[in-house]
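Predicted, not measured: the structure shown is a model, and the values here were computed from it. Numbers restart at 1 for each chain; the letters A, B, ... are given by sequence-line order, proteins then strands.
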2 protein chains.
Amino acid sequence: MGINAVFEALSHPVRREILQLLRGGPMSAGALAEHFTLSKPTLSVHFAKLKEAELVAVERQGTSLIYHLNMSILEEALSGLMSFKEPKS
Amino acid sequence: MGINAVFEALSHPVRREILQLLRGGPMSAGALAEHFTLSKPTLSVHFAKLKEAELVAVERQGTSLIYHLNMSILEEALSGLMSFKEPKS
DNA sequence: ACTCTAATTAGAGAAATATCTAAATAAGGC
DNA sequence: GCCTTATTTAGATATTTCTCTAATTAGAGT
């Protein structure tokens, strides 16, 4: 959990591309999967890792699962690395 | 090479800790290794991955190899991620 | 309840990663 | 040239990661 899961999640190019796609707004698992040549189950595993790292959040809409980007976790992880850690204001 | 190598390098906690140590200034391989319980050859492999990603640069001083942090690659990769502009992989 | 669509979980195999010990390389001093 | 120190490279093994197909879960409509 925590920072390890975040950097582990960021280490795979497909997962970074998923984040990139979500930058344009929330998308369903199926819509995301269409952007790749990988099988849906494979993509589903990538989604699970992003979710475990809390880089994305998921919400059900009917039979679809909609993923959205969680920017704050990303900022937190990266600023931790750079030690931009600001004292509490 | 490129962005893939950078995020792959950042994915391991030991390598992130090496970068943190180097933030305090350049250090030799041996001095870095003292901060870990891992064997020197293992650390050497971690150094090699950081070097391949160009997150560190190395310079010889006598029998010692001195590692330096390359902040610009780090900033480039992280800010690239934040703005989701991934350079060609 | 049955069926259709959307997506995940399970199981398996291949490929990559991390770690160790032992051997090799490089530089400096005698 | 030989020895010592510092570090890397090689080889082996255990663990983890990635990917697939097949099976399962979940919801909506009829």
Chemist: Roughly what angle, to 10°, lies between the helix axis at the start of the helix from C:dA1-D:dT30 to C:dC30-D:dG1 and the one at its end, five pairs per end?
Modeler: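 Here the helix ends are tilted 10° relative to one another.
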Chemist: Look at the side-chain N and O atoms of B:Tyr67 and state whether any lies under 4.0 Å from the OP1 or OP2 oxygen of D:dA6.
Modeler: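 Indeed not, no polar side-chain atom of B:Tyr67 lies that close.
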Chemist: Please report the distance, rounded to the nearest Å, between CD in B:Glu34 and P in D:dT5.
Modeler: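 Those two atoms, CD and P, are 15 Å apart.
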Chemist: For the atom pair NZ (A:Lys49) and NE2 (A:His46), what is the distance rounded to the nearest 0.5 Å?
Modeler: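 A:Lys49 atom NZ to A:His46 atom NE2 measures 8.0 Å (nearest 0.5 Å).
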Chemist: Quick one: B:Ile66 CD1 to D:dT7 P, roughly how many Å, whole number?
Modeler: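 So the CD1-P distance, B:Ile66 to D:dT7, works out to 7 Å.
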Chemist: Quick check for you: to the nearest 0.5 Å, what is the distance between A:Lys51 atom NZ and A:Asn70 atom CG?
Modeler: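 Between atom NZ of A:Lys51 and atom CG of A:Asn70 there are 13.5 Å.
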Chemist: Calculate, to the nearest 0.5 Å, the distance between atoms CG and CG belonging to A:Leu74 and A:Leu19 respectively.
Modeler: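 Taking CG in A:Leu74 and CG in A:Leu19, the distance rounds to 7.0 Å.
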Chemist: Output yes when a side-chain donor or acceptor of A:Arg16 lies under 3.5 Å from a complementary backbone atom of A:Leu10, and no otherwise.
Modeler: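 Yes; judged by distance alone, with no hydrogens or angles, the pair exists.
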Chemist: Give the first and the last nucleotide of DNA chain C, reading 5' to 3', that has any atom under 4.0 Å from a heavy atom of chain A.
Modeler: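 With heavy atoms of chain A under 4.0 Å away, the range is C:dA6 to C:dT9.
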Chemist: Whole angstroms only, please: what is the CG-C1' distance between A:Asn4 and D:dT17?
Modeler: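 Taking CG of A:Asn4 and C1' of D:dT17, I get 16 Å after rounding.
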Chemist: A:Val45, A:Val58: one ILVMFWY side-chain cluster at the under-4.5 Å cut-off?
Modeler: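 Different hydrophobic clusters.
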Chemist: For the backbone of A:Pro41 and the side chain of A:Ser44, can you confirm whether one donor and one acceptor N or O come within less than 3.5 Å of each other?
Modeler: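 No, A:Ser44 side chain to A:Pro41 backbone: no donor-acceptor pair under 3.5 Å.
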Chemist: Could you give the NE2-to-C1' distance, from B:His12 to D:dT16, as a whole number of Å?
Modeler: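 Atom-to-atom, B:His12 to D:dT16, this comes out as 11 Å.
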Chemist: Assigning hydrophobic clusters by single linkage (Ile, Leu, Val, Met, Phe, Trp, Tyr; side-chain heavy-atom cutoff under 4.5 Å), is A:Ile66 placed with A:Leu32?
Modeler: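 Hydrophobic grouping puts A:Ile66 apart from A:Leu32.
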Chemist: Hey, can you pull the residues of residues 41-51 of chain B with a non-hydrogen atom under 4.0 angstrom from DNA chain D?
Modeler: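 Result for residues 41-51 of chain B: B:Pro41, B:Ser44, B:Phe47, sorted by number.
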Chemist: Hey, is the main chain of A:Gly62 close enough, under 3.5 Å, to the side chain of A:Arg60 for a donor-acceptor pair?
Modeler: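 Yes, A:Arg60 side chain to A:Gly62 backbone: donor-acceptor pair under 3.5 Å.
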Chemist: How close do A:Ala5 and A:Glu52 get, heavy atom to heavy atom, and via which atoms?
Modeler: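 Taking A:Ala5 first and A:Glu52 second, the nearest heavy atoms are CB-OE2, 4.4 Å.
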Chemist: Mind calculating the distance between CZ (B:Arg60) and C1' (D:dT7) to the nearest angstrom?
Modeler: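 B:Arg60 atom CZ is separated from D:dT7 atom C1' by 7 Å.
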Chemist: Check the distance between D:dT7's P and B:Phe36's CZ and give it to me in whole angstrom.
Modeler: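 Checked: the CZ to P distance equals 14 Å.
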Chemist: Which pair of heavy atoms, one from A:Ala31 and one from A:His35, lies closest together, and at what distance?
Modeler: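 In terms of heavy atoms, the two residues are closest at O-ND1, 3.1 Å.
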Chemist: Can you find a pair of side-chain heavy atoms, one from B:Ser72 and one from B:Glu75, that are under 4.5 Å apart?
Modeler: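 B:Ser72 does not reach B:Glu75 side chain to side chain.
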Chemist: Hey, which sits more toward the 5' end of DNA chain D by its nearest nucleotide, A:Glu8 or A:Lys40?
Modeler: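 First, find each residue's nearest nucleotide; the 5'-ward one identifies A:Glu8.
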